[in-house]
Amino acid sequence: MLSDHLQVFDFNKKLKSWYLQNHRPLLWRQTSDPYKIWLSEIILQQTRVAQGTPYYEKFISDYPTVFDLAAADERDVLRLWQGLGYYSRARNMHFTARQIVAEFEGKFPQTAVQLAKLKGLGNYTAAAIASFAFGEAIPAIDGNVYRVMARLFGIFTDTLSNEGKKEFAAVAVQLVSHEDPATYNQAMIEFGALQCVPVAPDCKVCPFNDICYAFKFDMQAKLPVKTKKAAVRNRFFNYFILQKGDQLAMQERKGKDIWKGLYDFLMTESTELVDSPDVFFDDIVMYNILSKGRIREIPKVYQHLLTHQRLNVRFWWVDIPMNSDINLPEGLYFYSPEEIHSLPKPILVDTVLREEDYL
DNA sequence: AATGCGTGGCT
DNA sequence: TAGCCAAGCAT
């Protein structure tokens, strides 16, 4: 551990020097606009820079200010977010944009404590915005920083436990630069992202290999300590794509399940793979719909992987005659191809519609 | 405190 | 391939 002020000063000096020579010129580092910084931080949560960058550019282009985002429909925000995953980020960001406009006249709170009260902003994101945009001397501790600190100082406490968060935070407070906290935080994060990488870091060229606990004891692969992930759950989705004319019946997903706020089709979940739609005819609602259409199976079981779920998904395309007078179940409505293009959809749904040459 | 929430790249 | 990982947060 760095025990005195002189060592901390020396560490910060070397860290900043490394950063100035090695950092990437990312778009959101060229601004002190809290809105843009906020957007970039939300996008980058659990998301790689390469995947998030195009989304950052689209959002800044479509919604240049917090006022533009607040004025948008949630549906359009989700549509722009489509493909990034963890859609609550988009819903919370939209909610918070409206709050910032309504309560603060569009001005962001300027301290981490105030920022952390907003929906979608936890300790990390609040600290990042406070330091990057407003120069607050507070450490922003993300997964990169946990890794760097765990290895440098030999901290074996689980980074995801409450105890671990406290312990790492206590050390981080000692480290953060008060002269230039913004660069310090950027540097710690970038150092973790580029040099102190999760797998097989190149410690020969590391500026801190003289003081690093993990390098000294060859413990890079053991640190940081993280709890094991929960087992993957198998689920089986059976989708019915009801088409009438050129329109498809879609519904907004509600509740606590995956893809909340996104649109999909009439769906039945089963406990195992279903080969024929015949079994669904037992349900009177399904019978009334399916018996009126021509059913075509899309001959493929899609495997869609989420963090804790493996979706095994089958689609049946159901052509409903124009003169048929079926009543759609609650929440399902027919949408034109143009409308469907503009609806936010799970990437799986978008993929299937493209493969079927509908979109 | 533990779990759920997406998607894509890499090995 | 199956599993791990990627600038977390809400409940």
Side-chain angles (χ1 to χ4, degrees), chain A residues 23-24 26-29 36-56 78 81-93 95-96 115-132 139-148 157-166 168 182 185-194 196-201 221 224 226-235 253 255-262 264 302-311 313 344-351:
Chain A
H23 76 88
R24 296 162 292 178
L26 304 176
L27 283 172
W28 44 89
R29 290 195 177 131
K36 293 181 178 174
I37 292 167
W38 173 50
L39 174 64
S40 74
E41 292 300 337
I42 300 297
I43 287 177
L44 292 174
Q45 288 171 6
Q46 304 290 285
T47 303
R48 293 169 191 281
V49 167
Q51 189 187 3
T53 298
Y55 286 84
Y56 175 83
L78 280 170
W81 198 269
Q82 181 177 303
L84 252 194
Y86 286 155
Y87 296 95
S88 66
R89 291 182 290 173
R91 288 187 274 110
N92 289 338
M93 192 171 67
F95 177 94
T96 294
L115 286 162
K117 293 178 180 173
L118 303 173
K119 194 177 280 191
L121 283 84
N123 286 340
Y124 164 71
T125 304
I129 297 171
S131 77
F132 298 159
I141 311 172
D142 74 340
N144 290 303
V145 179
Y146 279 122
R147 186 169 59 254
V148 171
T157 317
D158 185 339
T159 59
L160 298 180
S161 69
N162 283 345
E163 184 195 357
K165 285 173 190 164
K166 280 186 200 167
F168 280 87
N185 280 326
Q186 290 281 15
M188 283 291 277
I189 294 165
E190 191 76 335
F191 184 75
L194 298 183
C196 196
V197 293
V199 179
K226 286 184 183 177
T227 46
K228 294 191 269 291
K229 285 172 185 170
V232 175
R233 175 166 66 112
N234 251 310
R235 299 178 73 181
R253 291 182 62 88
K256 292 190 172 176
D257 206 351
I258 59 173
W259 300 332
K260 183 179 173 187
L262 276 58
D264 66 357
Y302 289 83
Q303 308 256 335
H304 190 76
L305 297 171
L306 290 70
T307 307
H308 298 309
Q309 302 183 27
R310 173 193 296 274
L311 306 182
V313 187
K345 302 168 289 296
I347 210 69
L348 171 66
V349 168
D350 196 81
T351 297

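Remember, predicted model here, so these are calculated numbers, not experimental data.
As rounded to whole Å, 19 Å separates atom P of C/dT11 from atom CG of A/Leu160. Atom pair A/Leu44:CG and C/dA7:C1' shows a separation of 5 Å (rounding to whole Å applied). Rounding to whole angstrom units, NZ of residue A/Lys256 and C1' of B/dA2 are separated by 15 Å. Summarising the geometry, the separation between CD1 on A/Ile129 and P on C/dG8 is reported as 14 Å, rounded to the nearest angstrom. The separation between A/Gln51 atom CD and C/dA7 atom C1' is 13 Å, rounded to whole Å. We find that CZ of A/Arg253 is positioned 12 Å from C1' of B/dC5, with the value rounded to whole Å. Summarising the geometry, the separation between CD on A/Glu163 and P on B/dA2 is reported as 12 Å, rounded to the nearest angstrom. For the pair A/Leu84 CG and B/dG9 C1', the interatomic distance rounds to 14 Å; values are reported in whole Å.
Of the P atoms belonging to B/dT3 and C/dA7, the separation is 23 Å, rounded to the nearest Å.
Nucleotides of DNA chain C nearest to A/Arg48 and A/Gly122 differ in position, and the one nearer the 5' end is that of A/Arg48. Residues A/Asp142 and A/Gly120 both approach DNA chain C. Their nearest nucleotides, taken by heavy-atom distance, put A/Asp142 toward the 5′ side. Residues A/Lys165 and A/Ser88 both approach DNA chain B. Their nearest nucleotides, taken by heavy-atom distance, put A/Lys165 toward the 5′ side.
The phosphate of B/dT7 has OP1 or OP2 within less than 4.0 Å of a side-chain N or O from A/Trp259. Regarding contacts with the backbone of C/dG8, a side-chain N or O of A/Gln46 is found under 4.0 angstrom from either OP1 or OP2. When the side-chain nitrogen and oxygen atoms of A/His304 are compared with OP1 and OP2 of B/dG6, none of them lie within a distance under 4.0 Å. Listed pair A/Tyr86 / C/dA10 fails the phosphate criterion, with no side-chain N or O lying under 4.0 Å from OP1 or OP2.
Looking at heavy-atom distances under 4.0 Å, A/Thr125 makes contact with sugar-phosphate atoms alone, never a base. Residue-level contact check: A/Thr47 touches the bases, meaning some heavy atom is under 4.0 Å from a base atom. No engagement by A/Arg235 is indicated, since no non-hydrogen atom pair under 4.0 Å with the nucleic acid exists. Among the heavy atoms of the strands, none lies under 4.0 Å from A/Trp81. Contacts of A/Ile258 with the nucleic acid, taken as non-hydrogen atoms under 4.0 Å apart, involve only primed sugar atoms and P, OP1 or OP2. Counting non-hydrogen atoms under 4.0 angstrom, A/Arg29 reaches a base of the nucleic acid. If you check every strand for non-hydrogen atoms under 4.0 Å, A/Lys119 touches sugar and phosphate atoms only.
Atom-to-atom distance recorded for A/Phe95:CZ and A/Leu118:CG is 9.5 Å, nearest 0.5 angstrom.
The side chain of A/Gln309 sits closest to B/dC5 out of B/dT7, C/dC9, B/dC5. Candidate nucleotides C/dA7, B/dG6, C/dC9 were compared by shortest atom distance to the side chain of A/Leu26, and C/dA7 ranks first. Residue A/His308 places its side chain closer to B/dC5 than to any other of C/dA7, B/dC5, B/dT7. For A/Asp257, the side-chain atoms get nearest to B/dC5 when compared with the rest of B/dC5, C/dA7, B/dT7. Side chain of A/Val49, nearest nucleotide from C/dA7, B/dG6, B/dT7: C/dA7. Across C/dA10, B/dT7, C/dC9, the shortest atom-to-atom separation from the side chain of A/Ile347 is found for B/dT7.
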Can you give each donor-acceptor pair under 3.5 Å made by side-chain atoms of residues 122-129 of chain A, sequence neighbours left out, with the distance rounded to 0.1 Å?
from: A/Tyr124; atom 1: OH; to: A/Glu41; atom 2: OE1; distance (Å): 2.8
from: A/Thr125; atom 1: OG1; to: A/Gln45; atom 2: NE2; distance (Å): 3.0

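Using a cutoff of 4.0 Å between basic side-chain nitrogens and carboxylate oxygens, A/Asp264 and A/Arg253 are scored as salt-bridged.
Screening A/Ile258, A/Leu262, A/Val313 for a side-chain contact (heavy atoms from CB on, under 4.5 Å) with A/Pro346, the sole residue that qualifies is A/Leu262.
Summarising the local packing, CD of A/Gln303 is surrounded by more than 12 heavy atoms from other residues, nucleotides or ligands at distances under 6.0 Å.
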Test log, rule side chain to side chain donor-acceptor pair (under 3.5 Å), inputs A/Arg89 and A/Thr47:
CA-CA 12 Å; A/Arg89 291 182 290 173; A/Thr47 303; 3.0 Å; yes

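If you check the side chains of A/Arg147 and A/Thr159, you find no donor sitting under 3.5 Å from an acceptor.
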